[in-house]
Each structure stands twice: as C-alpha cells, then as structure tokens.
Amino acid sequence: MFLPLPMVIDGTLLSLVDRTLLSLADRTRTRAICPPPEATQSGFLKLNRDVLWVITSFLTPLEALSLSRTTPSGNVRDVARARAFSSLTVHKTNNYRHDFRKIKRVCEFLLDDIPDRVVHLRKLNLQINHGPDIESLDELRQQQDLKDATSRLTELLYFARGLQSIRLENFATLIGIEPRITDAIVTMPNLRNLDIYLLRDGKLVWEFLSRMRRNLHKLRIADLALPTRIRPNVYEIICAIKNIQIKTLELDGIVYSLPSKCATTLAFSLPSVHELLINRSRFSMALLVNAFPNLRVLRLGEPPMTADFGSWATIDFADAGSWPILDYAEGPSKFFERWSPAFPIRCVSLTDELAGRITEPDASDRRERTLQLAERVGPRALEFATYIFSSTDPSAGCGSGPCVRYVRDTAFQVAKQVCPEGLAFSILVDPRPGPYLPPPEPDMMRFYDVFTDSGQAEYFWAPLVASVPELHFLNLTLRIPPRTNDLMAVLNPYMSRQKILCDAFKCLPRLTLVRLSVIYDTFQKDGSASWLPASITSKQARMLASTLVETSIRYVSLSFTAWRYRTNKGRATQEELVRSAAWKIFDRRGVKSLEPITQSHEEMVYKRIMDTGSDFTTNS
C-alpha cells in the first residue's frame, strides 16, 4: 500500500512543490500512478539532487518514504528513498528477547533489497535491553532467537559499508554470541562515530577495541556504573584504544577501581584526542594528563542527579600537571576545588546542582570559593551552566527564584573581578516592576518561593555592563515564572516594550554574539488535553530577536525548551527543544535587518569568538 505524502514540508519550501503533484500524491493510496505530463514538468521535479537533499532533510524517514512513492523514477524518488533509509533506530522494550526478534525482522527487511535499502544506510542505532546479568554468554549462545538476530545483524553490517555512525547497546553480548560482528565493524571503511554500551565482559570489549585501526570523530564507551569484577576500568580502556585516532572520547559509567600506580606505567599517549567527556567514572587526573597531552576541552559529568560528588566522579591524584592548550573545562565547583588548576583556562563552566543547597551552612562561602577559582585560573570566559532541581516538598526551601538569583549574583561578582570576554548565566524573567510573592500552590512541582528583585534593570544590568566593557559573547538563560499561560505576555514586555535587554546591550559596544535560551514549564489546565503555554511561532521569535538590532550585536540566536510534568510518574521529564533559530544582523546604509542563518553557522561564529588568539573579527 502506498502512503499519502504528509503535508509537513516547511512553509518556506512549499513554494517549490507543485500543488498538482501534492494533490495527486494525496489521492494515490493503493497503487502507483504515473504523474500526468503537466506534473512532470513542474519545478519541483526538475530540482537537482543537492536542493532535493536539503528539502528532504525536513522530513521524517516515513515521510521521505511516502515522497519516494509518489514518483516512479527520477531525482525525487532517488533522493527521498536515500533519505528514508539513511537512518535506522530500533527502540528497546522490557524484554530483551523481544528486542532481538525485532532486530532480526528489521535486518531481514533491509537485506531483502540490498541495492535500494542497505546501501543508503548511514546511521544505525540499536537499543537492546541488557537482560539478566546472571546469564552467562554460554547460556545466551544457546538461545536460538539471539543467535538468529546476531547472525542477520552481522550480514547487515557487512553489506552496509556506507555506515558512518553506529550505536550498539548490550554490546558485549552481541560480540560474544557472534564474533563476526567485530570483523564487520573493524573493517568498515566510512565509520566516524562509534557508541558501545553495556560491557558485560571486559575481556571481549578490550579485544574489540585493540583491533580497531582507524580515525574516529567520536568514540563513546558506556557501562552500567556497576563495580563488578568483570567490567573494565578507565586505565584498561585507554590502553585498548591507543591505536585509534580519536577526536572526541566519552567515558560513562566506568567505575571499576584503577590499578595502583597506573599513571606512572603509561608509556604512550593519545595526542589526537582534543575533547574528553567523563561521567560517573573513576579516573586519575595524572592519568588523563599523561594520556591526552593535547586536550582542549574537558567535561566532567552530565547533569548530576545526586548531590554526592564521590558517587559520579572520583579524583585519585591531585598532582595533575597542566594542559598547555586547554581551552574549556566543565565540571562542578567541588572538582575545581580538589583539582586546583594553577594554569590559565580559557573558559570555565560550573555545573553545580543547587537544589537544597542555598540554605546549607556552606552556601555562604560557596561564592567566595568561586571568586577564588576565577582569580586563580583567570578564565577569558566563565559559564554558570547550573542545573537547578527542586523537591516537591516546599519546606526544602530550594525554589527556582533563590537558585537563579544566587547564580545571577555570583556571575555579577565574578564579572566585576575578572572582566571576562564571554559570560553565561541564568536570570528569572518577570516584566512587572515590583516584587511579587505568589502563594504556594500544591501542584507547583518545581518552583517555590519565586520573586524578583525590585528594579531589576537598575539593580543588576546597569552595574553588570559597567563591569564587563570587553564582553564579546553572552549566553543568557531566561527562566520564565511558573504557571505562565502566555510566553509572549512575559517576553514581549521584557524585551520589547521595556527594552530591558536592548538598553543593557547598547552599553556593550564590543558585544558580538548573544544566545538567548528560554526555559519554561508546561502544564495542563482544568483537565484539558492541551498544554500551556503554547510554543513560540517563527514570526514571534523573529519579532523578539528584532528588538536587539539597534545594538552592536551581529549575531543572535533564540531557543525555547519546555519542561513537561506528569504527576503519575512523580517526577519531571524534560521535553525536546521545541524551537531554535539564529540570525545575522546586517547594516545596509544605516538600516539594520535580520537575516536567518543556520545553527551550524552560528556555532561556527561562536567557535571563532572563543578560539585561542582570536581578535573577535567575524566577517563570515
């Protein structure tokens, strides 16, 4: 059965599509119908492959497959089909045997038409439930459904030579049941990103990594963070990957204890690694310095879900030497206190989890320790990428208001001391001129005791801009008050009518790039199925960005992230990024205007600004 073409093509691209072809595709449900002669002459069918590839990038795989079925041949069919089969993801269930049966069916479907399906595969993501840990590999090899699935997967990997990105869960089980999977991956010519998860048998994983001889853009190795005797440690993994050229390395959940004196026995290094991400793993700073001499970016920990620092990262050696070209270091303040770097770091990002800590005894001197860190390291840019969580118990005293004000005021104190050229922090947005203190509500899941300071523009922004005359980059997180029904009712007065941000940015003549990240809660009102507030439209986002054109800013980006709460789960789950856009501000004969740019272009501008030795010229 042929599916109709969904009307999901972006509005800016709709003019390229002949409406005659769209109506024809909508009527084609049960059989293929060749388009009439007038349709084949439409501008859409005459587009070259490069343009069609950009258009189909806005479609999901199912939508791209539907588009490929509207034309029996030609560029549209070929490009849409290639897009439809370029990415494959199999989601896991609660039954690992069922997961393997799904993988078998998917592999057989692709292998039934190798020239028209498998050859287009570029990204493979297989999520497999790990099953009971008590079962040995010998027991798993006796299960016929597992053997059949891994055998078909091996065939798929041998034929899909164009694969560029692979993510395999339950990895040790896969290569333990079918060793040929190792050969298929090791000999893959175009592989650039590899993500393996669940290292049930450390010896098998070590042998697999030792056989890799290639250049990888990113390698991620993750485990369950269970300190069992058969799982590898960080030292063993570093030794296993010594023959791989890697740009970005991520280690997650590697918690088995390091061997004694491992840092002094390392006789090699991995100079190709420029970015290192470590989360919930035991590691030695001395080992990292010796293994990765050319490291430029160090990130410790994803958003920590516990206040216990030792449970997700352990520093075994304090004498870590120095990285001569380290540009960016991210981690909790306790890590920097124990590490005590005595060399300059270009950008420092603090990722503390502040829930329940504003009222603790050590909260009074935390800001002082942050100031000491800034003075010792002398960062050119400082980020307060703080994750704010709160309990459902109002007595905890850890609402968004106090936490955001703590981060904001700390950023202000540090800015006065070090005068950074890049700054990132959060503020609470409320356009009302005076303080307000709403009564606590039982259904408020995350925010409590929310209020803003009177005269925020004069109290905060005026002294801040006076303290950072050399500021070139600003990443500002705008947190919307809870129970907000209309985002524009809050953002429009703050950015447009009162021009709080515009007036502040006019006092920063060297400010080049501004990132505004709006974070808000969504909730259901009176049992309605719809969620409030509604997301911002493209027109509204552009209107908000246009309020900043009369400043020195040359690039501006806006992103909107929603938090959705489900009371039946008892916890908050963060939704996907609902909208993101970026613009370049052009000045044509004294008239400034916004021109949209891609997110990759905006990211390139950011990297150029933060590049070592940059004079912050951004002519691109």
Side-chain angles (χ1 to χ4, degrees), residues 124-126 128 130 137 150 153-154 157-158 160-161 163-259 262-263 265-284 287-288 290-295:
L124 179 64
N125 181 4
L126 300 184
I128 310 171
H130 61 86
L137 280 176
T150 53
L153 175 61
T154 303
L157 292 175
Y158 272 119
R161 310 312 287 172
L163 270 173
Q164 299 175 359
S165 177
I166 298 178
R167 183 178 189 269
L168 297 178
E169 293 192 5
N170 214 347
F171 180 72
T173 300
L174 291 176
I175 62 177
I177 297 176
E178 182 52 85
R180 291 185 301 157
I181 293 179
T182 297
D183 298 326
I185 296 177
V186 168
T187 59
M188 201 161 287
N190 299 311
L191 187 62
R192 294 295 176 265
N193 299 291
L194 179 61
D195 183 343
I196 56 177
Y197 176 59
L198 281 178
L199 317 179
R200 183 191 294 265
D201 191 323
K203 183 179 179 181
L204 287 175
V205 176
W206 191 92
E207 293 174 351
F208 166 80
L209 294 173
S210 300
R211 291 188 55 187
M212 294 284 289
R213 301 286 194 280
R214 61 173 56 258
N215 297 331
L216 293 179
H217 177 75
K218 182 176 181 180
L219 173 63
R220 180 177 183 267
I221 303 173
D223 206 357
L224 279 175
L226 297 176
T228 58
R229 60 182 178 83
I230 60 174
R231 300 183 187 273
N233 55 54
V234 171
Y235 175 73
E236 293 173 342
I237 290 176
I238 291 177
C239 293
I241 63 175
K242 63 182 179 180
N243 295 318
I244 310 176
Q245 299 293 316
I246 311 167
K247 185 177 180 180
T248 301
L249 174 64
E250 180 176 354
L251 304 177
D252 189 355
I254 315 298
V255 299
Y256 191 65
S257 300
L258 297 171
C262 62
T265 59
L266 197 61
F268 61 90
S269 65
L270 288 83
S272 63
V273 177
H274 289 173
E275 182 174 359
L276 177 64
L277 299 85
I278 297 183
N279 183 42
R280 300 178 302 166
S281 302
R282 296 181 183 272
F283 62 93
S284 159
L287 173 64
L288 300 184
N290 292 335
F292 312 111
N294 296 330
L295 198 67

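Closest of all the heavy-atom pairs between F171 and V205 is CD2-CG2, 4.4 Å. I278 and F283 get closest at one heavy-atom pair: CG2-CD2, 3.8 Å. When every heavy atom of S269 is checked against every heavy atom of P293, the shortest pair comes out as CB-CD, 3.8 Å. Nearest heavy atoms, S281 versus L251: OG-O, 3.7 Å.
By the 4.5 Å heavy-atom criterion applied to side chains, F292 and L270 are counted as neighbours. With a 4.5 Å cut-off on side-chain heavy atoms, N190 and L163 do not count as touching.
R161 places no side-chain N or O within donor-acceptor distance of the main-chain N or O of P189, the cut-off being under 3.5 Å. Looking at T182, its side chain never comes within 3.5 Å of a backbone N or O of R180 through a donor-acceptor pair. For the pair N294 (side chain) and P271 (backbone), a donor-acceptor distance under 3.5 Å is present.
Separation of atoms CG (D223) and CG (N233) is listed at 11.5 Å; rounding is to 0.5 Å. One distance of note links CD1 of I166 with CD1 of I181; it measures 10.0 Å at 0.5 Å rounding. E207 CD to L209 CG: the interatomic distance, rounded to the nearest 0.5 Å, is 10.5 Å. A distance of 6.0 Å separates NZ of K218 from CG of L277, quoted to the nearest 0.5 Å. Between atom CD1 of residue I238 and atom CZ of residue F268 there is a gap of 7.0 Å, rounded to the nearest 0.5 Å. Distance check, rounded to the nearest 0.5 Å: CZ of R167 to CG of N193 gives 12.5 Å.
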Dump the intermediate steps for side-chain contact (heavy atoms from CB on, under 4.5 Å) on I128 and Y197, then the final yes or no. CA-CA 10 Å; I128 310 171; Y197 176 59; over 6 Å; no
Could you please spell out the steps behind the side-chain contact (heavy atoms from CB on, under 4.5 Å) verdict for L174 and L126? CA-CA 11 Å; L174 291 176; L126 300 184; 5.6 Å; no
side-chain contact (heavy atoms from CB on, under 4.5 Å) between M212 and L194, intermediate numbers included: CA-CA 11 Å; M212 294 284 289; L194 179 61; 4.0 Å; yes
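Taking 4.0 Å as the cut-off between side-chain N and carboxylate O, R211 and D183 count as a salt-bridged pair.
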Show every donor-acceptor pair shorter than 3.5 Å between a side-chain atom in residues 239-249 and any protein atom, with sequence neighbours excluded, or say none if there are none.
none

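For the side chain to side chain contact (heavy atoms under 4.5 Å, CB included) with L168, the qualifying choice from D195, T173, I175, I185 is I185, the only one to do so.
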